[in-house]
> 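Quick one: structure below, then a few questions.
Note that the structure is a prediction, hence the values are computed from the model and not measured. In each ligand, atom 1 is the first atom listed, and ligand 1 is the first ligand listed.
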Amino acid sequence: MSKVRNLAVLTSGGDSPGMNACVRSVVRAALYHDIKPFGVYEGFNGLLNNKLQELTYHDVSNILNHGGTILGTARCPEFREKEGRDKAYANLKAQDIDALIIIGGDGSYRGAQALAEENDIKVIGIPGTIDNDINGTEYTIGFDTACNTIIENIDRIRDTAASHNRIFLVEVMGNNSGILALNTAAASGAEEVFMPEKSEDLLEIKTKISRAIAANKSSIIIVAEGDQIGGAKEMYNYLKEYGLVDKVRVSILGHLQRGGSPSFLDRLYAALFGELAVVELLKGNADLMVGVINGRVSTCSLDLARETSPPKNMDYLKLIRKLSIY
Ligand code: ADP
């Protein structure tokens, strides 16, 4: 078993709060264990274009409280081709780098596995996405901050909704997943949630909105961006056809959900995940993702993590219904 001498860390896919705290953890843990850490700028793009730089202890000072990623992130179509990955590997070898830690999502892991299958490089994934939809782990870095941002903004919307007895369709992110929508709906006291994993009966939506209008009370309805209707705007347009939008307003929270200083939970998991990734490499392990598994910070195979996972708590729907007027 050859000891890891030099490692590289990159952030890939969508950014999420806590990625910087995780980069710091990887770099500091590597230095502690006498491994030389390199940062790769702009995800797989940086590997192809040789944007690698050795990182010192102080290069990652005072970054853990900032959202986004100091390394930058990008999508890289060339990495899907072997030719692109060959270029990436040549750049890693030129610096004598024998391990790569990828902070990102399932797409990034598919890329990392392709690189490791074709070349002599150890890869470890760390789940970083606000969507919390990666298979194999109960937690992804950024989820808690994004949930907090969403509920803070819903509180503000609720102030105006209550003052005017309005019904707000609040669209939240999540890509093809309803996990952010479901969890924030349960936590924010929303009256209803629309999400991709739940079949939507258009007639039922109409009936529910009519009931809310008749009650003459304010309501918060969370709509996942990937829901079956196509988001809050589309739902509004559908209701408009039936003359049901007088009291309805749309608020699309958008990219503000991706930014901000990471919460306590995101910083903590970022520190734990980063350190464990380095320790696993030291033990000679690879082709793994670090995550929360059965409530503990541990690892699972990258094969398991190559896919997204459905929400594990669909029973929150019953809770939302029980506590709402609909
Ligand atoms: P995420 O990691 O958040 O799921 P993406 O799905 O956009 O984000 O993937 C990030 C990058 O991973 C892509 O831009 C591409 O470079 C690489 N990638 C994704 N899927 C593959 C694949 N099947 N083979 C090689 N590289 C891939």
Side-chain angles (χ1 to χ4, degrees), residues 8-20 22-23 26 39-52 67-69 71-92 100-119 121-137 139-143 145-146 172-180 196 224-226 255 257-259 262 266 269-270 273-274 277 286-291 300-310:
V9 56
L10 61 81
T11 49
S12 176
D15 63 300
S16 67
M19 281 184 161
N20 282 329
C22 194
V23 169
V26 167
V40 183
Y41 291 87
E42 292 162 31
F44 290 133
N45 255 333
L47 273 190
L48 262 81
N49 298 313
N50 208 15
K51 292 188 182 166
L52 283 93
T69 159
L71 294 178
T73 177
R75 299 220 148 83
C76 177
E78 296 101 302
F79 205 75
R80 292 175 187 271
E81 310 300 328
K82 184 171 181 313
E83 209 184 320
R85 293 192 295 271
D86 286 348
K87 255 165 87 180
Y89 182 66
N91 289 330
L92 288 165
L100 179 62
I101 294 178
I102 294 112
I103 308 168
D106 52 296
S108 306
Y109 302 158
R110 286 194 289 278
Q113 275 198 312
L115 182 77
E117 274 159 21
E118 295 157 359
N119 302 285
I121 184 103
K122 294 183 163 77
V123 295
I124 297 230
I126 298 181
T129 161
I130 63 166
D131 302 336
N132 200 16
D133 63 343
I134 299 178
N135 206 30
T137 179
Y139 195 77
T140 65
I141 298 168
F143 178 65
T145 307
V172 303
M173 280 184 161
N175 204 3
N176 297 318
S177 164
I179 294 176
L180 264 180
E225 65 179 350
H255 280 82
Q257 295 161 90
R258 286 255 285 265
D266 281 325
Y269 280 124
F273 288 178
D287 203 25
L288 299 173
M289 179 186 69
V290 173
C300 69
S301 89
L302 261 190
D303 279 339
L304 198 67
R306 287 168 60 107
E307 307 298 331
T308 52
S309 97

> Does an N or O anywhere in Gly107 fall below 3.5 Å from an N or O of ligand 1?
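Min N/O separation from ligand 1 is below 3.5 Å for Gly107.
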
> With a cut-off of 4.0 Å, which atoms of ligand 1 are near a heavy atom of Gly105?
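Reading through ligand 1 atom by atom, the close ones are 1 (P), 2 (O), 3 (O), 4 (O).
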
> May I ask you to identify the nearest protein heavy atom to atom 23 (N) of ligand 1, giving residue, atom name and distance to one decimal place in Å?
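Going atom by atom, the protein heavy atom closest to atom 23 (N) of ligand 1 ends up being Arg110 CB, 3.8 Å.
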
> Determine the minimum heavy-atom distance between Pro127 and Gly291, stating which atoms define it.
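Shortest heavy-atom separation between Pro127 and Gly291 comes out as CG-CA, 4.5 Å.
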
> Looking only at distances, please establish whether an N/O atom of ligand 1 is found under 3.5 Å from an N/O atom of Cys76.
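Min N/O separation from ligand 1 is below 3.5 Å for Cys76.
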
> Can you check whether Arg306's main-chain N or O pairs, donor with acceptor, with Arg110's side chain at less than 3.5 Å?
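Checked: pair present.
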
> Is any N or O atom of Arg85, backbone or side chain, closer than 3.5 Å to an N or O atom of ligand 1?
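Looking only at distances, the answer is no, because the N/O contact criterion of under 3.5 Å is not met.
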
> Do Glu118 and Lys82 meet the salt-bridge criterion of a basic N to acidic O distance under 4.0 Å?
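Not counted as a salt bridge, because no side-chain N and carboxylate O are separated by less than 4.0 Å.
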
> Under 4.0 Å, heavy atoms only, figure out whether ligand 1 is touched by the backbone of Phe79, its side chain, both or neither.
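Near ligand 1, Phe79 shows its backbone as well as its side chain.
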
> Among all the protein's non-hydrogen atoms, which is closest to atom 21 (C) of ligand 1, and how far away is it?
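For this ligand atom, the closest protein heavy atom is Arg80 NH1, 3.6 Å.
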
> Identify, for atom 2 (O) of ligand 1, the protein heavy atom at the shortest distance, and state residue, atom and that distance.
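It is Ser108 OG, 2.4 Å.
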
> Could you tell me the separation between the OG atom of Ser301 and the OH atom of Tyr109, rounded to the nearest 0.5 Å?
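Result: 12.0 Å between the selected atoms.
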
> Please find the pair of heavy atoms, one from Met173 and one from Arg258, that lie closest to each other, and give the distance.
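So the minimum-distance heavy-atom pair works out to SD-CG, 3.8 Å.
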
> What about Ser12: any of its N or O atoms under 3.5 Å from an N or O on ligand 1?
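So ligand 1 has no N or O lying under 3.5 Å from an N or O of Ser12.
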
> For atom 7 (O) of ligand 1, what's the nearest protein heavy atom and its distance?
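Heavy-atom neighbour on the protein nearest atom 7 (O) of ligand 1: Arg75 NE, 2.4 Å.
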
> Of the protein's non-hydrogen atoms, which lies at the shortest distance from atom 8 (O) of ligand 1, and what is that distance?
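That would be Gly13 CA, 3.5 Å.
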
> My understanding is that only residues two or more places apart in sequence, or in another chain, count here; which of them pass side-chain contact (heavy atoms from CB on, under 4.5 Å) with Arg75?
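Scan of Arg75 (side-chain contact (heavy atoms from CB on, under 4.5 Å), adjacent residues dropped) gives none.
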
> With a 4.5 Å limit on heavy-atom distance, are the side chains of Thr308 and Asn176 in contact?
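No; the side chains remain at least 4.5 Å from each other.
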
> Asn132 versus Leu180: any side-chain heavy-atom pair under 4.5 Å?
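Not touching, per the 4.5 Å side-chain cut-off.
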
> Just by modelled atom types, is the Ile141 backbone N or O under 3.5 Å from a matching donor or acceptor in the Asp266 side chain?
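A pair under 3.5 Å: no.
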
> Considering only the protein, which heavy-atom contact is closest to atom 26 (N) of ligand 1, and what is its distance?
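Of every protein heavy atom, Gly111 CA, 3.1 Å lies nearest to atom 26 (N) of ligand 1.
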
> Report yes or no: does Asp106 have a heavy atom closer than 4.0 Å to ligand 1?
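Yes, that is the case, since the closest heavy atom of the residue is under 4.0 Å from the ligand.
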
